[in-house]
Amino acid sequence: MIEQRNISRLHSWQVDASGAILIQLKLRKKIQLKRKEGKIEKIAAIDVAYEKEKAVAGVLVFSYPQLNLIEKVSTVSSVDFPYIPGLLTFREGPCIIDALCRVKEKADLLLFDGQGIAHPRRMGIATHLGIYLNISSIGCAKSKLTGDYNNLADEAGSFAPLYDGNELVGFAVRTKKDTRPVFVSPGNLIDFDQALKIVLTCCRGHRIPEPLRLAHIFANSEKQRVRENGKNQKDCFSLFRWT
DNA sequence: GCGACAG
DNA sequence: ATCTTGTCGC
């Protein structure tokens, strides 16, 4: 679903924390939150599991809205960038792109376990990779990074706007009755209503939307294999990295 | 200085 | 994210 020549290469991934922030500030100008036109028939959910310094990225492609599994891909990559709140993309981005390069099906949008624009600089992983790969994306995080909300009902399907100051950045969404909410925000090339509606229609009785829930299970089961291979486990050949 | 802090 | 046992509830 990602072709070599279509990878933007808007920037290098070999940067330190301060360099990463500069990149985020520059990419911010490229965010597009207009409504996505046309039917959405296939979505890809992404999750990453870790075994020491190895990242195992799992991508599952589903039909939408039926959510029948169409394809699954996983990759193993060494990670160097540390986890720093606000800079998650620089830790998980490279391995995720490598996994997406191996996906044959062309999904209409990417669903991420993390924020979209509900980020201090509006550059959550869904937004960043949506811009980098020029594809529609949605962020669905299990916890909040930035923003405030109130009056969220206890019923499944309820939601409350998430504001960073006076700016709407997403929604706190009750995907399951009496369960803590998830945080949904548009990534890129999609609008708030579509992001919210798509996530809600992907719920199947669990707190985590089914595509992401299954991607999480898949990434972890693949990680188990990496565990057993131990030091013999090699990285997948990178299909896009440079510099 | 204090509190917050995606995975 | 990961380290970890049992346990309460649908």
Side-chain angles (χ1 to χ4, degrees), chain A residues 13 17 20-21 23-24 27-28 31 45-59 74-97 99 110-132 137-149 154-156 162-165 169-188 195 199 203-209 211-213 215-228 230 233:
Chain A
W13 293 92
I21 291 176
I23 288 172
Q24 293 184 325
L27 289 184
R28 182 172 186 168
I31 299 173
I46 305 160
D47 191 42
V48 181
Y50 294 90
E51 175 60 29
K52 299 296 178 57
E53 292 301 286
K54 295 290 188 181
V56 181
V59 178
S74 69
T75 55
V76 178
S77 318
S78 292
V79 291
D80 40 22
F81 202 93
Y83 168 66
I84 300 174
L87 301 181
L88 176 65
T89 312
F90 289 86
R91 178 172 171 73
E92 304 194 336
C95 64
I96 288 175
I97 295 174
L110 268 26
L111 185 56
F112 288 90
D113 179 2
Q115 317 292 345
I117 63 169
H119 176 285
R121 293 171 292 281
R122 307 292 175 268
M123 270 297 137
I125 190 166
T127 303
H128 191 140
L129 294 186
I131 290 174
Y132 198 84
S137 59
I138 297 173
C140 179
K142 297 184 292 301
S143 59
K144 183 169 70 74
L145 211 207
T146 191
D148 300 287
Y149 69 95
D154 302 322
E155 301 308 309
L162 182 66
Y163 290 101
D164 186 352
V169 294
F171 305 96
V173 184
R174 193 83 71 188
T175 53
K176 182 179 179 182
K177 186 180 181 183
D178 297 326
T179 300
R180 55 192 182 124
V182 293
F183 299 84
V184 179
S185 56
N188 191 47
V199 167
C203 291
R204 294 292 186 277
H206 296 276
R207 181 169 85 112
I208 306 302
L212 282 177
R213 194 178 75 83
H216 185 267
I217 293 173
F218 176 54
N220 276 293
S221 64
E222 289 298 283
K223 181 190 73 174
Q224 199 58 232
R225 299 174 54 245
V226 171
R227 251 199 180 120
E228 296 161 0
Q233 180 67 53

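In what follows, chains are A, B, ... by sequence order, proteins preceding strands, each numbered from 1.
Residue contacts for A/Tyr83: at a heavy-atom cut-off of 4.0 Å it reaches a base atom on one of the strands shown. Within 4.0 Å (heavy atoms only), A/Leu87 reaches at least one base atom of the nucleic acid. The residue A/His206 sits apart from the nucleic acid: no heavy atom pair falls under 4.0 Å. When heavy atoms are screened at a 4.0 angstrom cut-off, A/Gly86 is found touching base atoms of the nucleic acid.
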### Task
Before giving the answer on side chain to side chain contact (heavy atoms under 4.5 Å, CB included), spell out for A/Ile217 and A/Arg213 the whole-Å C-alpha distance, their side-chain angles and the decisive distance to 0.1 Å.
CA-CA 6 Å; A/Ile217 293 173; A/Arg213 194 178 75 83; 3.9 Å; yes
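For A/Phe81, the ring pair (Phe, Tyr, Trp, His ring centres under 6.0 Å) partners at least two apart in sequence or on another chain are A/Phe90. Take A/Arg207 and apply the side chain to side chain donor-acceptor pair (under 3.5 Å) test, not counting sequence neighbours, and it matches no residue. The side chain to side chain donor-acceptor pair (under 3.5 Å) check on A/Asn220 picks up A/His216, with sequence neighbours excluded. Taking A/Lys177 as the reference, nothing meets the side chain to side chain donor-acceptor pair (under 3.5 Å) condition, with sequence neighbours excluded.
Within the 4.0 Å cut-off from OP1 or OP2 of C/dT2, at least one side-chain nitrogen or oxygen of A/Asn220 is found. The phosphate of C/dT2 (OP1 or OP2) has a side-chain N or O of A/Lys223 nearer than 4.0 angstrom.
On the nucleic acid side, DNA chain B has its first and last nucleotide under 4.0 Å of a heavy atom of chain A at B/dC5 to B/dG7, going 5' to 3'.
Of the residues in residues 113-126 of chain A, A/Asp113, A/Gly114, A/Gln115, A/His119, A/Gly124, A/Ile125 come within less than 4.0 Å of DNA chain B through at least one heavy atom, sorted by number. Contacts with DNA chain C (heavy atom under 4.0 Å) in residues 172-179 of chain A: none are found. Residues from residues 141-149 of chain A with heavy atoms under 4.0 angstrom of DNA chain B, sorted by number: A/Ala141, A/Lys142, A/Ser143, A/Lys144, A/Leu145.
Using a 4.0 Å cut-off between charged nitrogen and carboxylate oxygen, A/Arg225 and A/Glu222 count as a salt-bridge pair.
Stem analysis of DNA chain C (at least three stacked-register Watson-Crick or G-U pairs, each with both distances under 3.5 Å) gives none. Stem list for DNA chain B (at least 3 consecutive Watson-Crick or G-U pairs, distances under 3.5 Å) is empty.
What separates CD1 of A/Ile84 from C1' of C/dA1 is a distance of 15 Å, to the nearest Å.
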### Message
Base contacts versus sugar-phosphate-only contacts with protein, heavy atoms under 4.0 Å: please encode nucleotides 4-10 of chain C as B, S and - from 5' to 3'.
### Response
-------
Got a list of side-chain donor-acceptor pairs under 3.5 Å for residues 113-125 of chain A, not counting sequence neighbours?
{"unit_1": "A/Asp113", "atom_1": "OD1", "unit_2": "A/Lys142", "atom_2": "NZ", "d": "3.0"}
{"unit_1": "A/Asp113", "atom_1": "OD2", "unit_2": "A/Lys142", "atom_2": "NZ", "d": "3.0"}
{"unit_1": "A/Gln115", "atom_1": "NE2", "unit_2": "A/Ser143", "atom_2": "O", "d": "2.9"}
{"unit_1": "A/His119", "atom_1": "ND1", "unit_2": "A/Arg121", "atom_2": "N", "d": "2.9"}
{"unit_1": "A/His119", "atom_1": "ND1", "unit_2": "A/Arg122", "atom_2": "N", "d": "3.4"}
{"unit_1": "A/His119", "atom_1": "ND1", "unit_2": "A/Met123", "atom_2": "N", "d": "3.2"}
{"unit_1": "A/His119", "atom_1": "NE2", "unit_2": "A/Gly86", "atom_2": "O", "d": "2.8"}
{"unit_1": "A/Arg121", "atom_1": "NE", "unit_2": "A/Gln24", "atom_2": "OE1", "d": "2.6"}
{"unit_1": "A/Arg121", "atom_1": "NH2", "unit_2": "A/Gln24", "atom_2": "OE1", "d": "2.9"}
{"unit_1": "A/Arg122", "atom_1": "NE", "unit_2": "A/Glu167", "atom_2": "OE1", "d": "3.4"}
{"unit_1": "A/Arg122", "atom_1": "NE", "unit_2": "A/Glu167", "atom_2": "OE2", "d": "3.2"}
{"unit_1": "A/Arg122", "atom_1": "NH1", "unit_2": "A/His119", "atom_2": "O", "d": "2.5"}
{"unit_1": "A/Arg122", "atom_1": "NH1", "unit_2": "A/Asp164", "atom_2": "OD2", "d": "3.1"}
{"unit_1": "A/Arg122", "atom_1": "NH2", "unit_2": "A/Asp164", "atom_2": "OD2", "d": "3.2"}
{"unit_1": "A/Arg122", "atom_1": "NH2", "unit_2": "A/Glu167", "atom_2": "OE1", "d": "3.0"}

